[in-house]
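Here is how names work: the chains are called A, B, and so on, in the same order as the sequence lines, proteins then strands, and each is numbered from 1.
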2 protein chains.
Amino acid sequence: MSVGIRDVARAAGVSTATVSRALGRGPVSDALREQVEAAVRATGYRPNLSARRLRSQSTQTIGLIVADIRNPFFTAVSRAVEDAAYQAGMRVILCNTDEDATREAMYLRLMQEERVTGVIFAPTRASAQGLRAADIDFPVVFIDRAGPPGAHDSVVLDNAAAASALVDHLVEEGFRRIGGLFGSTSSTAQERRAGYEAAMARHGLAPAARAVLPNAAAAEAEAGRWLAEAGRPEALILSNGLILMGALRAARAHALPVPGALALAGFDNEPWTDLVDPGLTVIEQPVAEIGAQAMTLLFDRLKAPDQPVRKVVLSGRPVLRGSTRRGAPGSGARA
Amino acid sequence: MSVGIRDVARAAGVSTATVSRALGRGPVSDALREQVEAAVRATGYRPNLSARRLRSQSTQTIGLIVADIRNPFFTAVSRAVEDAAYQAGMRVILCNTDEDATREAMYLRLMQEERVTGVIFAPTRASAQGLRAADIDFPVVFIDRAGPPGAHDSVVLDNAAAASALVDHLVEEGFRRIGGLFGSTSSTAQERRAGYEAAMARHGLAPAARAVLPNAAAAEAEAGRWLAEAGRPEALILSNGLILMGALRAARAHALPVPGALALAGFDNEPWTDLVDPGLTVIEQPVAEIGAQAMTLLFDRLKAPDQPVRKVVLSGRPVLRGSTRRGAPGSGARA
DNA sequence: GCGGTCACTGAAAACGTTTTCAGTGTTTCT
DNA sequence: AGAAACACTGAAAACGTTTTCAGTGACCGC
C-alpha cells in the first residue's frame, strides 16, 4: 500500500495535522518540523495531489485550449504558458480543438469538471461570442483571438495594423494587384482581413480577399485555384504560417517565380521562413510574450476577480525579406 | 456554492449511491436512471474529478515527459499521444525537461504525486539508465530513446539502420569525406552515430563524428567551426531536425553550395525540408505511429502488468532529395 | 500573581465522490 | 410452496488530505 500522511505522522510521533502544517506553511516548532522531515525521508512519503485538491478546493491547474499544438504559433505560446505555470507550482491541461466548436464545448465542460483555476483559450469565432462569464466558474484569458469586448481578459496582436503594414510595404515596392488569403475560423483572421481591406482602400486599390480553412493543404488548394485564374494577383497576403506555407507550395507548383511573378507576405516568423529562397516577408509575433502575458493576466484576475477587464494588444514586427522585393529575381539568387 | 452529487440525489429523490451508479455503469432501473439524468440537467451538475480520483484511486491521467515541445518531432508525437488519451477518457500532463536531468527527476516526482496511471517518457541518457522500475509506482513507456534493455517498454526508431541508409546513399552518390554531427544527450543520437560509424567502416571510409547540444544554435556554431577547417567534410549527416537546420544555416553562412560543396542528410521530415532549395534528404520518422504505439504499449501494460517487456522498433523512411545529389548544381535549380 | 495574548498542537470534521454492505422485493427453480 | 438466485436500492464507510476547533503551556504586562 501507498504511504500516507498517517504513516508519516506515526513515524514522527505527531498528529497528521502537524505533518500537514510542517509540509505546507503553518506554525510548527522547529523541532517537530525536523522530526516530520526526517519521517518523510524515512517513509518516502509523497503527497496525494488528488486528496489535497479535493480538501483544499484549489486544483492549481490551468487549462490551455488551442486549435492545434502542431501550429508553431501555438507550440511556442504553449511552451511559454507551461513554463510560467510550472514555475508558479501549477499544472497545465492542454487541449486541441482543431477549430471545432463541438470539441471546444466539450473541453470547456471538462475544465469545469477538473475545477481548473483558470483557462487560457484561443477560441473560434463562434465560441468566443458564446462564452458568457456567467456560464463558467473560472476566469478565462483569450489569446490570439479576442471575444466580445469587455467579457474576458485577452492578449492579442494588433492584427489590423500588422496586415496594414504588409500592404503598405507591398504597395511601396510597386505591387498593385494584391490579394489576401485569410483563415475562415478565427477573429484574428477577420481582423487581418479588415486591416488589409482598409489599407487597400487607403491606397485606392481594389481588395480581393478569400477565406480558407487555416491549414497548409486547404491553403495550397485554394491558392492553386486562384493562381490559375485569369486576373490572378501579383502579390498575396497570407494570414498565418500554415497558409503561407500552402501558398508557397502553390506558387512552386505553378512554377511562378517569387517574387517575380508572385510576391508573398505572411504572418509568423517561423524558423524556416528565412531558409527558403527567397526569404519570406512576415510579421513576427512575440509568441513567448503572448504566453507569458496571458499567464500574468490570469494570475492578476485570480488575485483581483473584480478588476475591470483588460485587453493587452501587442505589436507585430515586420521582417522584410526577398519574397516582396519588386526588382528581385524570381528565384535563385541568394541575398 | 457548487452543486454536488448530494443535490442531484435530493432533486431526483434517490440516494447519492444511485446517482453515482446512474452516471457511471452500475445496475440502475431505467426509471431511476431517467430521473437522475433529468435531475442532472436541471441542476447543471458536473462531477468533481478530484473527488472521483481520490475515491476511486484511479486518476485516468498519463504523464508525457519530453525534451522540448517546440522540437517538431515531439510536437507531433505529443499530439498523437493526446488524441489517443482523450479518446480513452484520460488526461495528459505535459512536461518539458530541456534535456536536464534535474528537471527530469523533478517531473518524475511530480508524476508520483499526481498518482498518474502511466508515463510516456523521452529520457536523456542519464535518466534512462537510472530509472529503476522499483522506484516508481506506475508503468513507463520510453519513446524515441530506449533505456537499459528489459526494464521498460519502449518504442523507438531503428536508428542504426536509418543512419546506415543515409551513409549508403551518400556513398552511392560518390561522396567520401562524410562527417556526422550528433546530439550529445540522447541514446538515440548515440545509436545513429553507431550506425553511421558502422556503415562508414563497411565502406572502408574513416568516420568523423562530433557531438553537439541538440539545438539549432549550437549545431550552427559547431558546423560553422567544422566547415572552416582544412579537411572539412564534403557531406554531413545530422542527427535531428534542429541540428539539420543549424547545419544548413552554417552552410549558407559560409556560402557553400548544397550539395555542390557540401551535401546534407538528416533526420525528421519536417514540412520545410522540401521547401528549401535544394530539398533536404532526410529520414522520415513515423511520428504519429510512435505516439499511438506508445499509448498502446501503455494500455497493454496496464491491462497485463506482468507480461514481458516489449520493445517496438519502427523503421524510418528515407526521403531522397536534392541535397545529396552528386551531380546537382550547388543551388538555384529546382527539381 | 493574574488575566490575556501568543505559539504551537491534536482530535475530529470536512471535501465530493465511489464502493461496500446489507437489505428489499421479485423471479426462478425444485 | 419454499428456497435460491437475481436485480436493484440506500445507509454508511471509505479515499488522503487540509482545516477548524478547542485546548495546552509559556510568556507578557501590570
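From A/L54, atom CG reaches atom CZ of A/R115 across 10.5 Å, with rounding to the nearest 0.5 Å. Once rounded to the nearest 0.5 Å, the distance linking CG of B/D153 with CG of B/L298 reads 8.5 Å. The structure places OG1 of B/T16 at 11.0 Å from CZ of B/R10, a figure rounded to the nearest 0.5 Å.
Annotation: side chain of B/V14 is in contact with side chain of B/V36 (closest heavy-atom distance under 4.5 Å).
A/R46 places its CZ atom 22 Å from the P atom of D/dC15, with the value rounded to the nearest Å. D/dT17 atom P lies 13 Å from atom CD of B/E114, rounded to whole Å. Computed from coordinates, the A/N48 CG to C/dC15 P distance equals 18 Å when rounded to whole Å. Rounding to whole angstrom units, CZ of residue B/R115 and P of D/dT17 are separated by 6 Å. Here the P atom of nucleotide D/dT17 and the CZ atom of A/R21 are 16 Å apart, to the nearest Å. One can place CG of A/D7 at 11 Å from C1' of D/dG16, the figure rounded to the nearest angstrom. Note: CG (B/L54) to P (C/dT18) measures 11 Å, nearest angstrom.
Regarding contacts with the backbone of D/dA7, every side-chain N or O of B/S29 stays at 4.0 angstrom or more from both OP1 and OP2. Between B/S2 and the phosphate of C/dG16, there is no side-chain N or O to OP1/OP2 separation shorter than 4.0 Å. In this model, the phosphate group of D/dT17 is not approached by any side-chain N or O of A/Q57 to a distance below 4.0 Å at OP1 or OP2. Under 4.0 angstrom from either OP1 or OP2 of C/dT18 there lies no side-chain N or O belonging to B/S56. One finds a side-chain N or O of A/T18 lying less than 4.0 angstrom from the OP1 or OP2 phosphate oxygen of C/dG10.
Not counting sequence neighbours, A/F74 has no partner by the ring pair (Phe, Tyr, Trp, His ring centres under 6.0 Å) test.
Of the residues near DNA chain C, A/T16 and A/D30, the one whose nearest nucleotide (by heavy atom distance) lies more toward the 5' end is A/D30. Both A/R55 and B/I5 sit near DNA chain C, but only A/R55 has its closest nucleotide nearer the 5' end. Between B/A51 and A/R52, the residue whose closest nucleotide on DNA chain D is further toward the 5' end is B/A51.
Within the helix from C/dG1-D/dC30 to C/dT30-D/dA1, the inter-axis angle between the opening and closing five-pair segments is 30°, rounded to 10°.
At a threshold of 4.0 angstrom between heavy atoms, the contacts of A/L49 with the nucleic acid are absent. Among the atoms of the strands shown, base atoms are found under 4.0 Å from some heavy atom of A/S20.
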Between A/D300 and A/R310, does the salt bridge (Lys or Arg N to Asp or Glu O under 4.0 Å) criterion hold? Intermediate values first, please. CA-CA 10 Å; A/D300 288 354; A/R310 290 195 291 175; 2.6 Å; yes

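For A/D135, the CG atom counts as densely surrounded, since its 6.0 Å shell holds more than 12 non-hydrogen atoms of other residues, nucleotides or ligands.
Residue side chain B/R53 does not reach the base of C/dG16 through any donor-acceptor N/O pair under 3.5 Å, judged by distance alone.
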